[in-house]
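By convention in this document, chain letters (A, B, ...) are assigned in the order of the sequence lines, proteins followed by strands, and residues within each chain are numbered from 1. From a predicted model like this one, the values you see are computed outputs, not experimental measurements.
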Amino acid sequence: MPAKTNKRKTPSRISLDTETTGVDFHHDARPFLVTTCDPSGELLFWEWDVDPETRQPIVPPSDLEAIRERINSVDELVLQNPKFDLAALDTLEQLGIRSTWDWPWHAVRDTLLAGHLLASNKPHDLTSMALQYLRVKIDKYEAAVEVATKEARNIAKTQFPKWRIATKQGKGMPSAKDKTWKYDMWLPRAIANELDYPERHPWWTVTSDYANTDSSVAIALWAAMEAEIERRGLRKIYNERLRVLPVAYRMEKCGITASEERLNELRVRYKEESEESGRICVNIAKDFKDPEGNPYELTLPKTGANNSLRTFIFDVLKLPVVGRTDTGAPSLDKDAKAIYLNTLPPRSKQLRFMQNLADKASRDTAIQYMDSYERFWVPLGIYNEMGEQAWQLWHRLHPNLNPTGTNTLRWSSNNPNEQNISKKEGFNLRYPFGPAPGREWWSCDAKNIELRIPAYESGEEELIALFERPDESPFYGSNHMLVFSILWPELWGAAIEEVGLDKAAAYCKKKYASTNYQWTKNGNFAVQYGAVDRPGGEGTADIAYHKPGGQRLIASRFSKQDNLNQQCISHAERFGYVETMPDKTVDPERGYPLLCTRSDYGKIKPTVPLNYHVQGTAMWWMQGAMIRCDGFLQEINRKKRLTGYSGYHLVMQVHDELVFDFPAGEGSEPWKMNLPIIREVQRLMEQGGDNIGLPTPVSCEYHATSWSEGVGV
DNA sequence: CGATGTAGCACC
DNA sequence: AAACGGTGCTACATCG
């Protein structure tokens with residue numbers, strides 16, 4: 001034990017950065033260089049040879065021991081996106097080099113989180129932030145690596161055909177798209193080694209020079225950022241933000257399970273149907289003549305549209321243009337297709353063509369998503385004790401999560417994106433996802449949180465009443481139905497006449513399902529997402545509402561909420577940002593600052609401030625929910641001594657929904673085993689409402705087999 | 001051939 | 001002028 005001292009010492013700190021052979025750590029990507037730097041600028045780094053035929057680094061165990069010692073000897077560990085480096089180092093475990101990394105989360109400081117907190121809508125990459133905060137340009141080091149690596153790739157391709165150069169469709173690197181050279185930064189040194197380049201040749205050090213620049217910039221950057229965080233009074237909020245890092249890391253590591261059988265069931269069906277529709281389209285096209293007078297040979301696109309299809313539709317069939325793209329070109333998106341389906345003459349070849357084209361497009365889209373899930377997944381059973389069958393038919397995806405990926409506090413997700421998995425009727429791609437054998441899933445959803453926030457914050461009684469008394473006549477908690485009654489009082493009145501006040505809502509919802517009620521929903525979404533309303537003028541949601549002056553009518557009915565909108569706009573115009581609602585458990589004085597988008601002329605876009613304020617507040621709420629739930633589940637796992645995938649896990653976040661993967665209950669009522677745990681999860685989520693001062697109820701569903709099939713509890 | 005921009009579409 | 005907010009991925013088209 002070190003002696004206690006009264007002298008307050010400056011915390012010792014280092015920065016750490018890792019270079020890797022890719023980003024797919026659950027496939028073949030591995031680290032090959034670790035660099036550290038202390039505040040005086042002193043560097044200490046470890047660079048490993050990479051076997052060019054396997055792309056695996058050759059790592060002396062003593063190096064890992066040295067890295068571990070260096071990490072554990074300091075009070076603060078500065079990184080740019082820490083979970084990336086940890087995920088990289090964690091892969092070395094699989095090489096049998098180390099047992100575990102006891103990563104000091106308490107010591108971690110993240111320049112990426114700091115970058116978002118200080119300037120939420122500015123770039124957060126190290127190069128941009130070095131320029132912004134330190135006035136240092138470091139892009140030349142990356143440029144040098146790019147030139148060297150590209151040249152080294154060319155040498156390898158011609159002289160060493162057995163070497164595994166990164167490619168788009170390369171095995172073990174499903175994320176590789178463009179810029180594959182970034183996966184080969186180990187290559188210049190490998191070539192220098194293989195071809196006995198002289199000691200002074202730059203390729204020996206071009207990559208380590210680049211990496212070392214990053215670690216020395218990171219340590220200086222954190223000093224600058226920390227001072228700025230302090231100056232702006234954001235320390236408490238920053239400290240709270242740090243708590244999401246281990247949560248996100250664990251979510252990525254656990255990932256989500258998917259059934260190969262169920263995925264193939266959907267894919268085989270869609271493929272057959274798509275091919276059939278495609279054949280019909282090509283045959284119909286042959287009945288028409290191309291400009292030379294020959295039967296039109298249509299080449300269908302894999303997805304979307306191509307020139308062959310555009311020419312056929314607009315030049316040969318001469319269908320009218322019903323929509324334009326951003327650049328003014330005739331559109332063939334699903335809205336345009338819907339218009340054609342509703343307007344082309346019945347039993348015409350044109351209509352039949354369009355029907356089959358639309359059928360094909362929706363199936364092709366679904367197939368495209370499923371192909372990408374298959375590309376990214378890894379077989380189950382490497383780390384746990386699944387049975388033989390499960391090993392073969394179940395897989396795991398490890399989507400990447402970016403807590404700083406948006407202009408607000410929403411997270412983004414990629415490789416693959418877990419947040420846009422279709423739940424469309426007839427194309428529910430959540431069907432293949434769900435609990436593996438011996439497991440069960442639960443999903444918990446914050447009910448209407450983005451509508452509640454502005455209603456409660458502004459004190460809009462009529463809307464609050466809907467949320468408070470969802471079972472009461474006449475609207476039964478339905479915001480859409482309330483708005484419907486305001487927009488079309490005559491329809492609403494007639495319904496009351498017809499069936500009485502208590503049944504009017506159900507009656508209207510059914511009778512006007514595809515007309516006025518659908519328009520109401522469309523308009524409400526437009527308003528929620530910031531459609532512009534000008535007093536006395538026409539609101540941009542009016543078109544969606546199908547009601548001239550509709551948006552103004554709603555805004556004046558909900559004048560308090562309208563005031564909140566104006567307040568957010570004024571605040572943003574004055575300060576450039578809005579804040580989320582303060583969280584009394586973090587900093588009762590202030591919320592998270594979100595910079596608002598400006599137009600090219602420097603003015604705040606008026607559609608943005610309220611939207612960011614609400615979206616940001618909802619996601620601050622979600623962040624707290626995730627931190628509390630993860631802590632609770634970790635505690636259960638510790639008490640029950642459940643390790644690895646066998647325990648209780650938070651595995652997914654889709655903005656207002658969390659998904660959990662638990663050990664399965666047994667018997668005739670299996671959901672009962674974990675019901676007390678999910679009730680506590682529900683309570684921990686709802687608790688966030690107290691922190692911001694409004695009720696935030698959460699609904700929970702049990703999934704025995706699939707994410708697409710849930711039972712409310 | 002690689003790089004870049006556009007179109008289209010999935011989610012909340 | 002801004003005119004409906006936030007994302008990620010794939011295919012296609014074009015250009016050097």
Nearest-neighbour nucleotide for the [X] side chain, [options] considered:
X        : options              : value
A/Thr597 : C/dG8, C/dG6, B/dC12 : C/dG6
A/Asn402 : C/dG5, C/dG8, C/dA2  : C/dG8
A/Lys150 : B/dA3, C/dA3, C/dG6  : B/dA3

Output the rounded distance in Å from [atom1] ([X]) to [atom2] ([N]).
X        : N      : atom1 : atom2 : result
A/Lys521 : B/dC12 : NZ    : P     : 13 Å
A/Glu657 : B/dC12 : CD    : C1'   : 10 Å
A/Glu374 : C/dC9  : CD    : P     : 18 Å
A/Met370 : C/dT10 : CE    : C1'   : 15 Å
A/Ile569 : C/dA3  : CD1   : P     : 13 Å
A/Leu594 : C/dG6  : CG    : P     : 11 Å
A/Asn565 : C/dA3  : CG    : C1'   : 14 Å
A/Lys302 : C/dA13 : NZ    : C1'   : 16 Å

At 4.0 Å (heavy atoms only), tell me whether A/Pro301 reaches a base, stays on the sugar-phosphate, or touches nothing.
sugar-phosphate
With sequence neighbours excluded, what pairs up with [X] under the salt bridge (charged side-chain N to carboxylate O under 4.0 Å, His left out) test?
X        : answer
A/Asp562 : A/Arg552
A/Glu275 : none
A/Arg267 : A/Asp371, A/Glu374
A/Asp184 : A/Arg55, A/Arg153

I need the full list of side chain to side chain donor-acceptor pair (under 3.5 Å) pairs touching residues 325-335 of chain A, with sequence neighbours left out, sorted by first then second residue.
A/Thr325-A/Thr327, A/Ser331-A/Asp333
For [N] and [X] - does any side-chain N or O of the residue sit under 4.0 Å from the phosphate oxygens OP1/OP2?
X        : N     : answer
A/Asn407 : C/dT7 : yes
A/Lys605 : C/dG5 : yes
A/Lys177 : B/dG2 : no

Do you see a donor-acceptor pair shorter than 3.5 Å between the side chains of A/His613 and A/Glu457?
yes
Degree of bending, the helix from B/dC1-C/dG16 to B/dC12-C/dG5 (end axes from five pairs; round to 10°):
10°
For A/Ser120, the side chain to side chain contact (heavy atoms under 4.5 Å, CB included) test, sequence neighbours excluded, returns A/His116, A/Leu594, A/Leu595
So, A/Glu252 side chain and A/Leu401 main chain: donor-acceptor pair closer than 3.5 Å or not?
yes
Could you label the plane-to-plane angle of the A/His571 and A/Tyr577 rings as parallel, tilted or perpendicular, counting under 30° as parallel and over 60° as perpendicular?
perpendicular
Just to verify, what does A/Tyr183 make a ring pair (Phe, Tyr, Trp, His ring centres under 6.0 Å) with, not counting sequence neighbours?
none
Set of residues satisfying side chain to side chain donor-acceptor pair (under 3.5 Å) with respect to A/Glu701, sequence neighbours excluded:
none
Sequence neighbours excluded, the answer for side chain to side chain donor-acceptor pair (under 3.5 Å) partners of A/Asn563 is none
Protein heavy-atom contacts under 4.0 Å, written 5' to 3' over nucleotides 6-11 of chain B as B (base), S (sugar-phosphate only) or - (none), form the string SSSSBS
Just to be sure I understand the geometry, which residues of residues 610-619 of chain A put a non-hydrogen atom under 4.0 Å away from DNA chain C?
A/Asn611, A/Tyr612, A/Gln615
